[in-house]
Amino acid sequence: MHKKAEWPRRLRSQEWYGGTSRDVIYHRGWMKNQGYPHDLFDGRPVIGILNTWSDMTPCNGHLRELAEKVKAGVWEAGGFPMEVPVFSASENTFRPTAMMYRNLAALAIEETIRGQPMDGCVLLVGCDKTTPSLIMAAASVDLPSIVVTGGPMLNGYFRGERVGSGTHLWKFSEMVKAGEMTQDEFLEAEASMSRSSGTCNTMGTASTMASMAEALGMALSGNAAIPGVDSRRKVMAQLTGRRIVQMVKDDLKPSDIMTKQAFENAIRTNAAIGGSTNAVIHLLAMAGRVGIDLTLDDWDRCGRDVPTIVNLMPSGKYLMEEFFYAGGLPVVIKRLGEAGLLHKDALTVSGETMWDEVKDVVNWNEDVILPAEKALTQSGGIVVVRGNLAPKGAVLKPSAASPHLLTHRGRAVVFEDIDDYKAKINDENLDIDETCVMVMKNCGPKGYPGMAEVGNMGLPPKVLKKGITDMVRISDARMSGTAYGTVVLHTSPEAAVGGPLAVVKNGDMIELDVPNRRLHLDISDAELARRLAEWQPHHDLPTSGYAFLHQQHVEGADTGADLDFLKGCRGSAVGKDSH
């Protein structure tokens, strides 16, 4: 258990604001132009509210209102709140992909925290990449920090059917290609997909990462599922503001909370909720920032025997609104504890253990949070497959896959990159049927660049018109957490660095054997070695800017796709005064 620091004591912010020297008067005097009374600089905790609000990050478009509630909580607890705008990487507007900028955001926000007079941080997040980037940054600086998310949207409805953001985008798009929906009907459905502020209302990456923050102990219990427009989301924000002040007094830091046990709790929680495959990359990156040895083997070991009990799209039928009404993530964590799958004594930002937070919660809807015997799949989690096609691993989400395809051997139909896929997929002359394996290359961390969410390749119309809705698909790309299908992702090493994926040819036979965790290209070792020796990269490399930095330093998906110089290197949180 964490030993609380002595209070009162001199805090970090007093390096800027405490005393009568010329340098202190310089810092303090300028702050007073905003009308702050002198006694606010008396040594009370200064709390940075790191706000990822942006009009171009629609998931986070309501966070300025929540920031005011966080401020109210900080004031009530005797702290001094300061709202700070930070880099906001939106999954639905950034090109080529928000993943390209997760690490840039983490780097920028790390220096925002380190270089300014903050004693503690509230990480105000929501969209897919804002949650991991801010946690990565806070972990690197290791000041007391707490997460509060913006919450999911309300349910969407179209002609009486629940519409899941993202999930139904893929579904309706395929229906249009299959001739089952008109383009006008698709446009009509668009209006029903996002009907309130908040993140995706499915168990997509945003809701998954909100759940991961809570399962890690970095957010107050119950935070993950409260809808963005529910008044209880504002209450959560205000309570979070109160709590961070006490965390500063106790000196309760990310390194005290984000332990190996906490990450194992999060992995098992991800399995139970049917969470996004993107959680793999983000948790690996976050673990690297606190120096925790987390690997793909931990994902398979911890998640393999955990049933998926949350009946939410894209794996199930409900949405985040129902999940909240059923009791939310605390119910899931309690179930894990009862099944012996939880490190119960893991510490949380509340100062209490994970088990103490959830032991008394109640499941109000067993059709949403299922009993274990009625689980969507008994072996949930993220499957890690390896073989000569993925020596460093690839991942697949069983709860979103077709059971009959989890053991499959088929002929490869190869797309050299996303542009090649788009150019060929709708061609009626494409030599493909439902038994084939679709393979896409050069969409990994270096290859796209940035590793876009294009792994869930839409099926060719000629197959969809047969009533087929799933095929085995393999790539080094990512997949949206809202998507579904038998999709093998994050194949490592990626094609752009000469991984075996780069030398797959049309007509090669590929074997996927999920029960035995195997992904195999059916050619001889000698033939594979010959192809690899002859391989040459064929894509242009960036020559300047952040794209160049990213290309030179990004690591593989199997270790979190972080920049190689940022892992496990927590530095001093005290800035140097240059005046």
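We count residues from 1, following the sequence as given. What's counted below: heavy atoms across the whole structure, side chains too, no hydrogens, waters or symmetry copies.
Formation of a donor-acceptor pair under 3.5 Å by the Lys249 side chain with backbone atoms of Pro8 is not found in this model. No donor-acceptor pair closer than 3.5 Å links the side chain of Asn201 to the backbone N or O of Pro152. Looking at Thr308, its side chain never comes within 3.5 Å of a backbone N or O of Ala272 through a donor-acceptor pair. Asn363 contributes a side-chain N or O that, together with a main-chain N or O of Asn365, makes up a donor-acceptor pair within less than 3.5 Å. Distance alone, capped at 3.5 Å, is enough to place a donor-acceptor pair between the Ser492 side chain and the His490 backbone. At distances below 3.5 Å, at least one donor-acceptor pair connects side-chain atoms of Thr167 with backbone N or O atoms of Thr482. In this structure, the side chain of Asp119 engages the main chain of Arg12 through a donor-acceptor pair within 3.5 Å.
With sequence neighbours excluded, the residues satisfying side-chain hydrogen bond (donor to acceptor under 3.5 Å, both in side chains) with Arg162 are Glu322. Qualifying side-chain contact (heavy atoms from CB on, under 4.5 Å) partners for Ala210, counting only residues two or more places apart in sequence or in other chains: Thr149, Ala224. A search for ring-ring contact (aromatic ring centres under 6.0 Å, His included) contacts involving Tyr36 returns Phe80, not counting sequence neighbours. Under the ring-ring contact (aromatic ring centres under 6.0 Å, His included) criterion, His553 pairs with Phe565, not counting sequence neighbours. Applying the ring-ring contact (aromatic ring centres under 6.0 Å, His included) criterion to Phe94, with sequence neighbours excluded, gives Tyr101. For Tyr318, the side-chain hydrogen bond (donor to acceptor under 3.5 Å, both in side chains) partners are Asp367, not counting sequence neighbours. His168 is linked by a ring-ring contact (aromatic ring centres under 6.0 Å, His included) to Phe172, counting only residues two or more places apart in sequence or in another chain.
Closest approach of Ser399 and Ser315 over heavy atoms only: OG-OG, 2.9 Å. What you find for Val125 and Thr130 is that their closest heavy atoms are CG1-O, 3.5 Å. Between Leu294 and Ala287, the shortest heavy-atom distance links the atoms CB-CB, 3.7 Å. In plain terms, the two heavy atoms of Val147 and Ala213 that are nearest each other are CG1-CB, 4.1 Å. Closest approach of His2 to Asp251, counting heavy atoms only: NE2-O, 3.1 Å. Nearest heavy-atom pair across Ala557 and Met451 is CB-CE, 3.6 Å.
Pairs engaging residues 214-231 under the salt bridge (charged side-chain N to carboxylate O under 4.0 Å, His left out) rule: Asp230-Arg232 [sequence neighbours left out]. Sorted by first and then second residue, the side chain to side chain donor-acceptor pair (under 3.5 Å) pairs with a member in residues 74-85 read Asn51-Glu83, Lys71-Glu83, Glu76-Gln238, Glu76-Arg242; sequence neighbours excluded. For residues 331-362, no pair satisfies ring pair (Phe, Tyr, Trp, His ring centres under 6.0 Å), with sequence neighbours left out. Pairs passing the salt bridge (charged side-chain N to carboxylate O under 4.0 Å, His left out) check and including a residue from residues 298-314, sequence neighbours excluded, read Lys260-Asp298, Glu264-Arg301, Asp298-Arg301, Asp300-Arg304, Asp300-Arg517.
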Residues 330-337 side chain polar contacts: donor-acceptor under 3.5 Å, at least two apart:
unit_1: Lys334; atom_1: NZ; unit_2: Lys359; atom_2: O; d: 3.3
unit_1: Lys334; atom_1: NZ; unit_2: Val361; atom_2: O; d: 2.9
unit_1: Arg335; atom_1: NH1; unit_2: Leu370; atom_2: O; d: 2.6

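At a cut-off of 3.5 Å, with distance as the only test, a side-chain donor of Asn60 or Thr52 sits close to an acceptor on the other residue. Asn155 and Arg195 share no donor-acceptor pair across their side chains, judged by distance under 3.5 Å alone.
Ion pairing between a basic and an acidic side chain is recognised when a charged N comes within 4.0 Å of a carboxylate O; Glu6 and Arg9 show no such pairing. Comment: Lys234 does not engage Glu68 in a salt bridge, judged by the lack of any side-chain N to carboxylate O separation of less than 4.0 angstrom. Between Arg289 and Asp562 there is a salt bridge, since at least one side-chain N of the basic residue sits less than 4.0 Å from a carboxylate O of the acidic one. Salt bridge absent: Lys374 and Glu366 never bring a charged side-chain N and a carboxylate O closer than 4.0 Å.
Residues Val148 and Asn223 have side chains in contact (heavy-atom distance under 4.5 Å, counting atoms from C-beta outward). Looking at heavy atoms from C-beta onward, Met136 lies in side-chain contact with Arg102 at the 4.5 angstrom threshold. Glu453 is listed as a side-chain neighbour of Asn278, based on a closest heavy-atom distance under 4.5 Å. The shortest distance between side-chain heavy atoms of Leu283 and Phe263 falls below 4.5 Å. A 4.5 Å side-chain heavy-atom check between Arg478 and Thr97 finds at least one atom pair inside the cut-off. A heavy-atom distance below 4.5 Å is not found between the side chains of Leu11 and Val46. Between Leu220 and Met236, the closest side-chain pair of non-hydrogen atoms falls below 4.5 Å. You'll find the side chain of Leu216 stays beyond 4.5 Å of the side chain of Asn265, heavy atoms only.
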key: Ile382 vs Leu396, side chain to side chain contact (heavy atoms under 4.5 Å, CB included): CA-CA, chis, key distance, verdict   = CA-CA 6 Å; Ile382 302 298; Leu396 178 143; over 6 Å; no
